[in-house]
2 protein chains.
Amino acid sequence: MTQVTAQAEPTSGSRIPLSRDRVLRAAVKVADEGGVEAITMRRLADELGAEAMSLYYHVARKEDILEGIVDVIAREVNDAVGQVRGPSEGAAWKTAMRQRILSARQVFLRHPWAPGLFERHASTSPAVLRYFDALLGIMRDGGFSYDLAHHALHALGSRALGFAQEMFDPGDGAGGEEDTAALDAMAGQFPHLAGMMAEIAHDDPDSTLGWCDDQTEFEFGLDLILDGLDRMRQSA
Amino acid sequence: MTQVTAQAEPTSGSRIPLSRDRVLRAAVKVADEGGVEAITMRRLADELGAEAMSLYYHVARKEDILEGIVDVIAREVNDAVGQVRGPSEGAAWKTAMRQRILSARQVFLRHPWAPGLFERHASTSPAVLRYFDALLGIMRDGGFSYDLAHHALHALGSRALGFAQEMFDPGDGAGGEEDTAALDAMAGQFPHLAGMMAEIAHDDPDSTLGWCDDQTEFEFGLDLILDGLDRMRQSA
DNA sequence: ACCTGAACACCGTTCAAGT
DNA sequence: ACCTGAACACCGTTCAAGT
């Protein structure tokens with residue numbers, strides 16, 4: 001009945017043996033809670049009720065774990081987009097592609113730490129290859145040559161997988177309190193940035209903070225590219 | 001004359017005092033030689049002929065250094081694009097933008113480790129803000145509303161700065177030696193990927209390795225986006 | 001004002017040893 | 001076959017102490 005006893009033998013389920021799969025799932029859980037940098041051999045071991053050194057029996061080294069969880073997330077993406085079914089012949093390629101990518105995006109919203117890892121390890125993951133293979137299939141149905149489809153995947157870049165690293169986020173620099181003061185100070189150095197923020201604030205007076213709707217911007221960029229590709233498809 | 005003496009007092013120039021600027025320049029040099037992960041307080045100190053702890057007098061912590069070198073590279077970008085001069089009124093906005101971005105890209109080719117840092121620290125760099133401000137100016141000259149220009153920067157994403165993280169790189173997975181064998185094995189699981197690689201290899205028999213010309217793909221994606229934006233500009 | 005030595009709490013990883 | 005303790009070489013960072 002004492003807390004001490006309960007702590008010495010944590011939970012009854014913690015006796016199941018380690019495995020590569022359990023290590024990877026633990027890593028995803030830890031990253032979901034504290035980001036990639038929270039993934040530590042010792043932290044994973046804690047999570048699994050084991051010692052750090054025990055992990056090396058199931059994975060070669062930490063990099064191996066990082067490659068592994070990219071594949072785990074990519075499988076989650078494939079599961080998510082697998083639900084989406086619809087025609088992809090001819091002009092329908094575009095909505096098919098759009099739906100797949102937008103539902104892939106949902107997965108990355110659940111794992112905001114994952115994009116950084118994908119940039120380093122995507123090419124080692126079979127699940128990522130399977131994902132791209134499916135996208136190529138859709139484009140083929142739409143009448144793309146392999147050559148154009150190849151360019152298309154490069155043009156989409158990480159957007160094909162459902163995420164875009166945001167390079168440009170005004171409002172990150174200027175704080176939330178002295179809005180007008182900071183804006184005036186900025187107007188001198190960065191007139192267009194200041195003008196833009198003023199216009200957007202005018203359009204939507206409610207959004208004094210959080211200038212950019214990520215979903216809107218993602219879809220804007222995605223549609224811009226898909227529309228351009230569709231034009232090329234038709235003129236080919 | 002002995003090597004010992006020479007090693008004890010390395011080079012005569014190593015007496016100049018430390019400074020935030022010297023620390024940042026050393027960090028860029030170290031990263032150029034060994035990537036971001038080579039940036040270590042002790043390694044930087046070595047480079048500067050000092051002790052690791054001395055750096056803390058000039059920078060707050062390692063993150064501060066990483067933010068700092070993003071700004072250093074962004075200034076290098078601004079210097080590079082500053083050379084480019086040309087009209088940007090009306091339809092000329094597109095070539096002006098294109099030239100700026102392509103010459104920004106040259107800087108990142110010299111610092112291939114930098115993109116990863118920009119994704120985390122771009123919004124803290126005044127030089128990055130200045131760069132974006134200039135791009136906005138070009139688009140304004142072209143007749144963009146601030147609203148459309150804002151969407152445009154999001155659509156371009158990292159491409160606006162001159163780099164694109166390559167998500168998709170076939171040929172990374174399949175090795176260089178057993179080409180046909182690996183391709184056959186792949187054909188079962190990833191028919192479209194295999195088909196695409198076969199077609200591309202057919203088009204260009206010389207490129208058995210290195211399927212994708214990065215410069216070509218970058219320009220393809222860039223032009224696709226710029227053309228789409230130009231259409232929106234005209235119909236606005 | 002500027003730099004450093006010693007020390008701390010953490011890493012990833014190896015290896016011989018336990019069961 | 002699977003797990004671990006002790007140990008190593010490395011981190012970033014603090015702090016009192018040197019000049």
Side-chain angles (χ1 to χ4, degrees), chain A residues 7-31 33-70 72 113 116-117 120-121 124, chain B residues 7-31 33-70 72 113 116-117 120-121 124:
Chain A
Q7 216 146 324
E9 193 182 299
T11 37
S12 54
S14 73
R15 272 287 135 77
I16 41 174
L18 291 178
S19 68
R20 179 181 161 86
D21 204 65
R22 285 194 68 215
V23 172
L24 297 185
R25 284 209 307 273
V28 170
K29 188 186 173 210
V30 167
E33 289 164 1
V36 225
E37 71 217 5
I39 299 180
T40 274
M41 301 307 275
R42 287 166 174 85
R43 174 83 174 75
L44 292 184
D46 270 9
E47 195 73 27
L48 294 163
E51 299 302 315
M53 311 81 205
S54 310
L55 306 183
Y56 286 92
Y57 194 83
H58 300 95
V59 297
R61 58 193 174 291
K62 194 186 173 181
E63 280 284 290
D64 187 21
I65 297 179
L66 299 182
E67 289 182 17
I69 58 180
V70 163
V72 168
W113 47 269
L117 281 191
R120 299 213 310 275
H121 298 296
T124 71
Chain B
Q7 216 146 325
E9 193 184 299
T11 38
S12 55
S14 72
R15 270 289 137 76
I16 41 175
L18 290 178
S19 68
R20 180 182 160 86
D21 204 64
R22 287 194 68 214
V23 172
L24 297 185
R25 284 210 308 273
V28 170
K29 188 186 173 210
V30 167
E33 288 164 0
V36 225
E37 72 217 6
I39 298 180
T40 275
M41 301 307 274
R42 287 165 174 85
R43 174 84 173 74
L44 292 183
D46 269 9
E47 194 73 25
L48 294 162
E51 299 301 316
M53 310 81 205
S54 310
L55 306 183
Y56 286 93
Y57 192 82
H58 301 95
V59 298
R61 56 192 175 290
K62 194 187 175 181
E63 281 284 292
D64 187 21
I65 297 180
L66 299 182
E67 288 182 18
I69 58 180
V70 164
V72 167
W113 47 269
L117 281 190
R120 300 213 307 275
H121 298 295
T124 72

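So you know, we letter chains A, B, ... as the sequences are listed, proteins then strands, and number each from 1.
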Once you round it to whole Å, what is the distance between P of dC11(C) and CD1 of Ile65(A)? 13 Å

By nearest atom, which of the nucleotides dC2(C), dA7(D), dG5(D) is closest to the Arg42(A) side chain? dA7(D)

Of the candidates dT13(D), dG12(C), dT4(D), the side chain of Met53(A) sits closest to dT4(D)

Once rounded to the nearest 0.5 Å, what's the spacing between atom CG of Asp64(B) and atom CG of Leu24(B)? 7.5 Å

Check the distance between dG12(C)'s C1' and Glu37(A)'s CD and give it to me in whole angstrom. 16 Å

Would you classify Ala52(B) as touching base, sugar-phosphate or nothing, given that sugar-phosphate means primed atoms plus P, OP1 and OP2, and contacts are heavy atoms under 4.0 Å? nothing

Between atom CG in Leu48(A) and atom C1' in dC3(D), what is the gap in whole Å? 13 Å

Mind listing the closest non-hydrogen atom pair of Ala26(A) and Glu47(A) along with its distance? CB-CG, 4.2 Å

Please report the distance, rounded to the nearest Å, between CE in Met41(B) and C1' in dC3(C). 14 Å

Salt bridge check, Arg42(B) against Asp46(B): does any charged N sit closer than 4.0 Å to a carboxylate O? no

Between atom CZ of Arg22(A) and atom CG of Leu55(A), what is the distance when rounded to the nearest 0.5 Å? 10.5 Å

Looking only at side-chain atoms of Thr40(B), point me to the closest of dC3(D), dG12(D), dC3(C). dG12(D)

Spatial distance of atom CZ (Arg61(A)) from atom CG (Leu66(A)) [nearest 0.5 Å]: 10.5 Å

Of the nucleotides dC3(D), dT13(C), dT14(D), which one has an atom closest to the side chain of Tyr57(A)? dC3(D)

Please report the interatomic distance CG(Leu44(A)) to CD1(Ile65(A)), rounded to the nearest 0.5 Å. 5.5 Å

When you match Ile39(B) and Leu18(A) each to their closest nucleotide on DNA chain D, which lands nearer the 5' end? Leu18(A)

Nearest to the side chain of Lys62(B), which nucleotide is it out of dG5(D), dG12(C), dT13(D)? dT13(D)

CG (Leu18(B)) and CD (Glu51(B)) are apart, to the nearest 0.5 Å, by 10.5 Å

Nearest-Å distance for atom pair CZ/P, residues Arg61(A) and dC10(D): 19 Å

Upstream residue (5' side of DNA chain C) when Ala60(A) and Arg43(A) are each assigned their closest nucleotide: Arg43(A)

Requiring both pairing distances under 3.5 angstrom, list the stems that contain DNA chain D and are made of three or more consecutive Watson-Crick or G-U pairs. C:4-8 with D:12-16, C:12-16 with D:4-8

Measure CG/Asp46(A) against P/dC10(C) and give the value in whole Å, please. 12 Å

Atom-pair distance (NE2 on His58(A); P on dT4(D)), nearest Å: 10 Å

Give the rounded distance in Å between these two atoms: OH of Tyr56(A) and C1' of dC2(D). 17 Å

